Amino acid sequence: MDLTDSQGQADRRADQLRRKGKDLLVQGQSEPAFACFDEAFALAPERLIHRLNAAAAHRARGRAEAVLPLLRPLAPRFRSSLQPAGSDPSGDPSSDPSGDPALLPVFWRHLADAESQAGEPCDAARCWLELVRLEPSAERIEDVLQALGGWLDQRRHHRQWPDAADLLLNGLRDLQPHQPWIQGLQPDSPLLRLRIRPERHGEAPLIHALHRQGFPDRRDARQVDVLRAAGQLSLSLVAELEGELVGHVAFSPASLLPPAPGVPDPCGIQGLALAPLSVREPLRRQGIASRLVAAGLAAARDRGWAWVVLIGGLHFYGRFGFGPASAFGLRDAYGFGEECLAMELQPGSLPPGGGLVRYSPLLGL
Ligand SMILES: CC(C)(COP(=O)(O)OP(=O)(O)OC[C@H]1O[C@@H](n2cnc3c(N)ncnc32)[C@H](O)[C@@H]1OP(=O)(O)O)[C@@H](O)C(=O)NCCC(=O)NCCS
């Protein structure tokens, strides 16, 4: 048997062990699962998936210090992976024996966490930037800012934190030159401590007051109360700054009716309607609404919702991926026409035949 044969055998065995480990994890048998991941890594250490599994196993066992030696050596090789062709031939992910470029975001996320825990904030910042470079969506930027905010809170007195915040924010500005709110972020800005989180019990009156300021006719503030009371507040996120609620966004269920008699009924397909959205007056035009929307879309996608519709301007919502609902063949029963916008959270989730958008009747449009 030649060397390639025995390598192939080791690879196959490592893959078997990985599958077995995943099954064991599903059954709640974590320690035997981790043992499988360790063994798979020992058999095929050059495969990124095995290295990531072994790193995740170390973290789950509380051995954070064992993660860095596994992942750090690969960073220089992947760091340049997105540079223009020819600028660094060693960085081409397709020439990487460890394979799958889809694993790279997972790699950077694991390494960023490990560098943060090890007290290496500048290295963590570089990892987060690689993550945003790979996945330059508003949602990913929000993830990174939340991570930075949490980490600044914990490590305010660490000597490197101002350097790390500078590094991260300068990098984000370079990556997102057309986003004014990112251009405006400064390392000393209190907005770096903005938290986007789910509404908590007892916050209903504060949220009501926020929307009353945003929409003086009271209707939108009431809608949130009514949706909540009816159990139709599918997602309710607040922006908290230094202990105060400064913004809120709500999502409620939406569905589609068939576009015409005889066309298959897309009614089973469920999405969300985004409304209302408000930010407290003196804090507007600093990106708070943008962060609420980005975090809301990420949470909706994580929870398996398929699409989102809203009534609003393309100028603001276009940056998150919304387009005219009409481009998806969707019609809006309320006559908002081009102001009705839609976005797929799961690609291909809106039916090709289109449909009539139906918001929750409680939304009172
Ligand atoms: C609409 C509303 C939610 C926006 O909140 P916000 O926090 O100001 O929103 P953002 O800061 O994310 O974005 C608003 C604008 O400020 C810009 N901006 C953000 N940060 C900036 C900065 N640092 N410097 C300059 N401009 C900035 C954004 O790019 C955006 O610009 P645009 O006019 O090109 O769209 C807020 O004005 C509000 O509560 N209005 C009343 C309620 C309402 O009308 N809701 C509408 C829901 S569709």
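Source: prediction; values computed, not measured. Hydrogens, waters and symmetry mates play no part in the numbers below; they use all other heavy atoms, side chains included. We're numbering straight along the sequence, starting at 1. In listed order, ligands and their atoms are each counted from 1.
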For residues 333-350, pull every pair meeting salt bridge (Lys or Arg N to Asp or Glu O under 4.0 Å), keeping only residues two or more places apart or in separate chains.
none
Please list all pairs meeting salt bridge (Lys or Arg N to Asp or Glu O under 4.0 Å) that have one or both residues in residues 296-324, counting only residues at least two apart or in different chains.
E139-R301
Give the residues near ligand 1 by chain and number, with the criterion being a heavy-atom distance under 4.0 Å.
P180, W181, G184, G214, F215, L277, S278, V279, R284, R285, Q286, G287, I288, A289, S290, H315, F316, Y317, R319
Would you please test L68 and L111 for side-chain contact (heavy atoms from CB on, under 4.5 Å) and show each step?
CA-CA 7 Å; L68 278 177; L111 188 53; 3.7 Å; yes
Is any side-chain heavy atom of V309 closer than 4.5 Å to one of L341?
no
Using the six-membered ring wherever Trp is involved, compare the ring planes of F320 and F316 and label them parallel, tilted or perpendicular (cut-offs 30° and 60°).
perpendicular
What pairs with D225 under salt bridge (Lys or Arg N to Asp or Glu O under 4.0 Å), at least two apart in sequence or on another chain?
R228
